[in-house]
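Below is one structure; the comments refer to it alone.
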Amino acid sequence: MGQAFVGFYWSLPVPRRPVRTWPSDVEVAARLSRTIRYQLTLVRRYVTEQRGRLLDEAAFLELAVDRGTDAVAEALARPLALCAAEAATLVYVDFSLVHHWRPHGVMRMILDDAVENRGIRVQDLRPDPAPIEGMGGDFDPVKHFRRWQRRQSSEAQATRSQAKQEVADVLLRLPNGPGRWSAAADELNGRGIVTATGRCWTAEGVRKAYARLTAADA
């Protein structure tokens, strides 16, 4: 039998369009995320080229929209345990290999520890352009992420402007005094209005937003 592999795929969430429940089925995850579909395709092709066996796959959606978090440790636990039990290689696409992208620091630390202290083999793949079924030609992650960053920046600016106006409108209706920030946060959340990063409002968040508003008007 050929060498055994376990595939691991991950992506950042989309601001203001959060996925409430991330599917455990990687095929479903790949339909929700083009980035996941790209990684899945590259890993499966690599395993086929190696005449190997793909024992399992896992797809992980990060919690933060702009960075890697400690949550990846739990997502990697099962794949790494399977690799240790079956002498399999964990294979993933390392986006930091091109375009000077920042690596997922927590994931890199966990994988380095798995190699050095647990004897687990890890194979990273370059994120080169590749034909992906259903995408109408080659998928280039560099171009994809550049477009996405531009769109994010534009949407974030519009969201910040809307959030400032919403905060100002709510605070105009609320009297000064204890509990004002909490009351404003409750009203904003109750109306389904989120922060510029797609999160729920807190009393401290409202206070800081108001401070920025008053500073801008000064």
Side-chain angles (χ1 to χ4, degrees), residues 8-24 28-29 32-36 39 58-77 94-96 99-111 113 141-218:
F8 185 75
Y9 324 124
W10 73 283
S11 182
L12 295 172
V14 178
R16 293 182 57 81
R17 280 179 280 171
V19 178
R20 299 300 180 188
T21 55
W22 189 242
S24 57
V28 177
L32 294 174
S33 167
R34 299 178 72 190
T35 308
I36 295 293
Q39 294 169 78
F60 168 64
L61 181 69
E62 259 297 355
L63 301 180
V65 300
D66 58 349
R67 65 188 184 280
T69 70
D70 293 342
V72 74
E74 182 178 350
L76 277 167
D94 187 350
F95 290 103
S96 70
H99 198 51
H100 306 294
W101 281 330
R102 180 178 60 187
H104 190 304
V106 179
M107 184 164 72
R108 176 64 60 80
M109 181 175 62
I110 292 171
L111 295 182
D113 177 74
V142 172
K143 292 181 180 178
H144 173 73
F145 290 134
R146 281 176 175 169
R147 286 194 300 268
W148 187 244
Q149 287 167 351
R150 288 195 295 269
R151 187 160 59 243
Q152 264 189 291
S153 178
S154 176
E155 290 179 358
Q157 182 60 45
T159 301
R160 281 193 292 271
S161 298
Q162 179 187 2
K164 288 179 181 178
Q165 187 60 52
E166 296 287 356
V167 168
D169 290 346
V170 168
L171 289 173
L172 279 174
R173 298 195 300 273
L174 294 174
N176 290 322
R180 188 188 189 204
W181 310 124
S182 294
D186 289 343
E187 181 172 340
L188 290 166
N189 292 331
R191 290 165 52 190
I193 297 167
V194 297
T195 68
T197 56
R199 299 176 181 176
C200 292
W201 286 96
T202 64
E204 181 64 9
V206 173
R207 186 192 67 76
K208 289 181 177 179
Y210 180 71
R212 288 193 293 269
L213 278 171
T214 53
D217 293 337

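In this chain, numbering begins with 1 at the start of the sequence shown.
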V206 vs R180 side-chain heavy atoms within contact, under 4.5 Å: no

Straight-line distance of L12 CG to T35 OG1, nearest 0.5 Å: 8.5 Å

CG-CG distance between L76 and D113, expressed to the nearest 0.5 angstrom: 11.5 Å

Over all atoms of both residues, closest heavy-atom pair of R108 and P103: NH2-CB, 3.9 Å

Spacing of OG1 belonging to T69 relative to CD belonging to E74, to within rounding of 0.5 Å: 10.5 Å

Minimal non-hydrogen separation, A59 against A29, with atom names: CB-CB, 3.9 Å

Gap separating the CH2 atom of W10 from the NE2 atom of H104, nearest 0.5 angstrom: 5.0 Å

Where F60 and I36 come nearest, the two heavy atoms and their spacing: O-CD1, 4.5 Å

All salt bridge (charged side-chain N to carboxylate O under 4.0 Å, His left out) counterparts of E187, not counting sequence neighbours: R173, R191

Non-hydrogen atoms of F8 and A75 that approach each other most closely: CE1-O, 3.8 Å

Spatial distance of atom CG (D70) from atom CD1 (I110) [nearest 0.5 Å]: 7.5 Å

